[in-house]
2 protein chains.
Amino acid sequence: MSPRGQAARAVPQPTQPPVRRPTVQDVAREAGVSPSTVSRALHTRGYASPAVRARVRAAAERIGYVTDHNARNLRSRTSTSIGVLISDLRNPFYADLAAGIEQELRSAGYQMVLVNDNGDPAEELQAAETLLAMRVPGVIVTPVTAKCPQVLQDNGVHVVCADRELSRSKSDVVLGDNETGARELTEHLIALGHTRIGLLIDETKWSTGAGRLAGFRAAHVDNDLTVDEDLIAYTSFDADAARLTTRKLLNDHDVTAIISANNVLAQGALAELKDRRLKIPRQISLAAYDDVPWMSLVQPALTTVDQSTVEMGRSCARLLLARIRGELTPKRRQVKVPARLIVRGSTGPAPR
Amino acid sequence: MSPRGQAARAVPQPTQPPVRRPTVQDVAREAGVSPSTVSRALHTRGYASPAVRARVRAAAERIGYVTDHNARNLRSRTSTSIGVLISDLRNPFYADLAAGIEQELRSAGYQMVLVNDNGDPAEELQAAETLLAMRVPGVIVTPVTAKCPQVLQDNGVHVVCADRELSRSKSDVVLGDNETGARELTEHLIALGHTRIGLLIDETKWSTGAGRLAGFRAAHVDNDLTVDEDLIAYTSFDADAARLTTRKLLNDHDVTAIISANNVLAQGALAELKDRRLKIPRQISLAAYDDVPWMSLVQPALTTVDQSTVEMGRSCARLLLARIRGELTPKRRQVKVPARLIVRGSTGPAPR
DNA sequence: GCGGAATGTGGTATCGATGCCACATTTCCG
DNA sequence: CGGAAATGTGGCATCGATACCACATTCCGC
């Protein structure tokens with residue numbers, strides 16, 4: 001309807017007459033104290049004698065009182081809802097991340113508002129606006145655009161970026177140790193005698209891809225190998241595309257091992273290798289960054305780097321909560337979650 | 001601290017002085033109208049001339065106004081946040097379900113508050129209370145206990161149960177067509193000549209397991225086979241347990257095919273078969289209910305029943321929203337999402 | 001040209017909990 | 001034993017948006 005801007009938001013519809021829920025007033029009457037006292041007895045850091053506190057709690061329980069967060073949030077200008085903005089819940093990486101975040105938030109008494117942005121800048125920005133409207137005190141985001149964290153911070157919302165860092169970011173950030181992980185993975189292959197290793201990768205603008213690429217290079221340098229730039233196969237973030245790119249890589253170059261930069265690309269690479277009936281790891285080795293469950297179910301199981309995704313999520317939540325509680329110095333924080341090489345059957349000595 | 005009941009909830013901490021956000025008042029001043037008019041112009045179904053509406057919108061955009069949902073919700077006694085209560089985000093089934101729900105909710109202007117209950121009744125109940133506190137108009141839940149939907153409904157919250165139905169449930173529900181799916185899957189095996197088919201299953205109290213078991217039986221009956229009750233192998237919802245159960249099943253009985261009742265059990269079954277170096281499907285066929293990505297990546301790919309989990313999630317959301325908007329008759333609704341047999345390489349003719 | 005219906009806008013009370021301050025009691029100590 | 005400090009409670013205003021009603025205009029038809 002509106003030409004642009006202020007999109008017409010869903011307006012709460014005229015629902016049926018809701019059940020009347022007990023209020024602080026009701027509890028006060030029931031317990032024979034004032035509403036203020038009820039509030040203090042139940043929640044606030046304020047004073048309340050143990051006796052009164054117990055009486056109020058009993059009364060609240062008796063009549064089934066449940067605090068209204070909307071009223072609470074409005075008055076106290078805070079909220080226990082935290083926004084979580086990720087690309088795609090169906091990707092196990094994001095699901096694990098969200099699971100870790102949720103676990104930590106919940107045990108601290110916070111709630112998670114989860115939004116998929118499908119990796120789309122416009123949706124991401126719209127989600128940010130929604131979270132602003134909800135007056136969340138903090139947001140955890142796997143950013144697509146720098147604008148999103150920017151807008152949030154400009155409005156006083158704490159932001160933790162997860163998994164990746166955009167240039168000129170001012171937010172706290174939790175990253176995997178991509179460089180070390182990729183280096184170890186590459187060195188593992190080099191130690192097996194591989195010298196012509198293909199790298200299947202989709203992006204190198206974000207810290208994630210950039211780090212993995214850097215680790216790949218570093219491993220070569222440390223072992224006096226030069227990286228053949230033609231073996232770095234750029235593709236898009238999509239299994240089918242990765243498959244085609246792998247095909248091309250195999251057609252044009254004689255690599256003895258392939259590293260896929262993430263779990264999505266690995267699907268494509270594996271599919272292509274199987275399709276060619278290549279014996280893994282006898283004829284070619286395959287390894288992937290970002291361990292997800294299927295990688296240990298296929299035959300042979302894939303050698304991978306486990307980036308402790310759930311723990312990464314927990315870290316994000318802990319960091320954000322600490323920030324919200326004002327426990328941190330203003331200085332921007334960067335947390336690095338270690339990555340761990342898991343050697344399985346898909347990597348073996350270089351042929352011949 | 002408190003002996004029991006009214007758990008001490010996290011209280012919003014004294015955060016740093018938040019940024020002052022523009023209010024309706026500010027927009028009103030900027031646009032030269034009254035606050036009431038601003039409200040109507042931006043949101044409410046009320047009247048506002050196009051001219052004023054445009055002017056107000058422009059003003060709002062100019063000063064960066066974002067509605068405060070807490071205030072809005074408090075006053076209007078509604079909310080656009082929907083609770084989603086599931087067991088385990090790391091299980092692709094739940095992740096897909098949540099993804100479907102989120103997609104539908106978001107496109108309708110609602111938000112998703114996601115809570116993992118880890119399949120634990122206590123956590124489930126606590127989550128329900130949190131959602132009550134948030135005054136969500138509706139909740140989608142994969143119920144563990146009947147008490148949870150009960151409590152919510154008693155407080156006037158609309159509930160849609162997803163994936164399973166507890167006895168004596170009064171809520172709307174969205175189910176997969178477990179019976180048909182399991183019947184088709186079983187019939188597929190029977191058509192291939194299998195007569196001794198093992199069923200690996202964890203629960204049959206919920207409609208989910210019960211339906212799959214019923215379908216399994218029905219296929220036998222329809223084909224004049226009797227079900228050997230010993231081939232129904234009960235296990236717990238855990239891959240390792242399923243593996244042991246599979247081992248026992250193979251040791252004690254000579255089955256020519258195994259059906260796993262869900263994606264988790266399938267992992268255990270597959271692991272055991274691989275461990276025994278059994279040729280699939282030459283020596284034994286394996287099939288699973290609930291198609292998840294890894295099943296098409298393993299070799300041979302698994303024959304499965306795809307229960308359209310994402311679509312199931314969408315259905316839940318659509319049903320709940322319709323209910324909230326009062327578009328439905330009071331009668332309890334039950335939606336059945338069709339299941340689809342996907343034949344892949346893991347099932348073949350019965351040996352000999 | 002006038003009564004009365006449409007139409008659009010402003011004013012005010014209110015949603016429910018909490019921040020803040022005042023004040024009634026106790027407690028404590030010289 | 002008096003007065004100051006400590007302690008615990010109640011009262012009242014307030015967070016920001018919206019529901020609801022009153023009212024000023026404009027628009028009709030007869």
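All values below were derived from every heavy atom in this structure, side-chain atoms included, with hydrogens, water molecules and symmetry-related copies excluded. Lettering follows sequence order; numbering is per chain, from 1.
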Side-chain ion pair, [X] and [Y], N-O less than 4.0 Å:
| X | Y | value |
| --- | --- | --- |
| A:Glu102 | A:Arg314 | no |
| B:Arg135 | A:Asp68 | yes |
| A:Arg106 | B:Glu123 | yes |

Exercise for review: Assess whether one donor atom and one acceptor atom, taken from the side chain of A:Arg77 and the base of D:dG16, lie less than 3.5 Å apart.
Suggested key: no
Exercise for review: May I ask you to verify whether the side chain of A:Ser36 and the base of D:dG11 hold a donor-acceptor pair under 3.5 Å?
Suggested key: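 Between D:dG11 and A:Ser36, which were checked side chain against base, a qualifying N/O pair under 3.5 Å is present.
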Return no unless some side-chain N or O of [X] is found under 4.0 Å from OP1 or OP2 of [N].
| X | N | answer |
| --- | --- | --- |
| B:Thr37 | C:dT9 | no |
| B:Tyr65 | D:dA17 | yes |
| B:Arg72 | D:dT18 | yes |

Point to revise | Most 5' of B:Arg55 and B:Leu74 on DNA chain C, judged by nearest nucleotide | key: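 Between the two, 5'-proximity favours B:Arg55.
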Point to revise | Nearest-nucleotide 5' precedence on DNA chain C, B:Arg75 against B:Val33 | key: B:Val33
Review point. For the side chain to side chain contact (heavy atoms under 4.5 Å, CB included) test, which of B:Val160, B:Val173, B:Leu319 pairs with B:Arg333?
Key: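 With B:Arg333 as partner, side chain to side chain contact (heavy atoms under 4.5 Å, CB included) holds for just one option, B:Leu319.
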Round to the nearest Å and state the distance from [X] atom [atom1] to [N] atom [atom2].
| X | N | atom1 | atom2 | answer |
| --- | --- | --- | --- | --- |
| A:Arg20 | C:dC15 | CZ | P | 9 Å |
| A:His69 | C:dA17 | NE2 | C1' | 11 Å |
| A:Arg135 | D:dA17 | CZ | C1' | 11 Å |
| A:Leu42 | C:dG16 | CG | P | 16 Å |
| B:Arg40 | C:dG11 | CZ | C1' | 11 Å |
| A:Arg53 | D:dG8 | CZ | P | 10 Å |
| B:His43 | D:dA17 | NE2 | C1' | 9 Å |
| B:Asn70 | D:dA17 | CG | C1' | 11 Å |

Exercise for review: Locate the shortest heavy-atom distance separating A:Arg55 from A:Ala31; write the atom from each residue and the value.
Suggested key: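 Reported closest heavy-atom pair: NH1-O, 2.5 Å.
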Point to revise | Nucleotide nearest A:Ser34 when distance is taken to its side chain, options D:dG10, D:dA17, C:dA17 | key: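 Given the options D:dG10, D:dA17, C:dA17, the side chain of A:Ser34 is closest to D:dG10.
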Check your understanding: Just checking A:Val52: base, sugar-phosphate only, or nothing, at a heavy-atom cut-off of under 4.0 Å?
Key ->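 The answer is sugar-phosphate, as A:Val52 gets under 4.0 Å only of primed atoms, P, OP1 or OP2.
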Practice item. Pick base, sugar-phosphate or nothing for A:Thr23, based on heavy-atom distances below 4.0 Å to the nucleic acid. Key: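 Contact class for A:Thr23: sugar-phosphate only.
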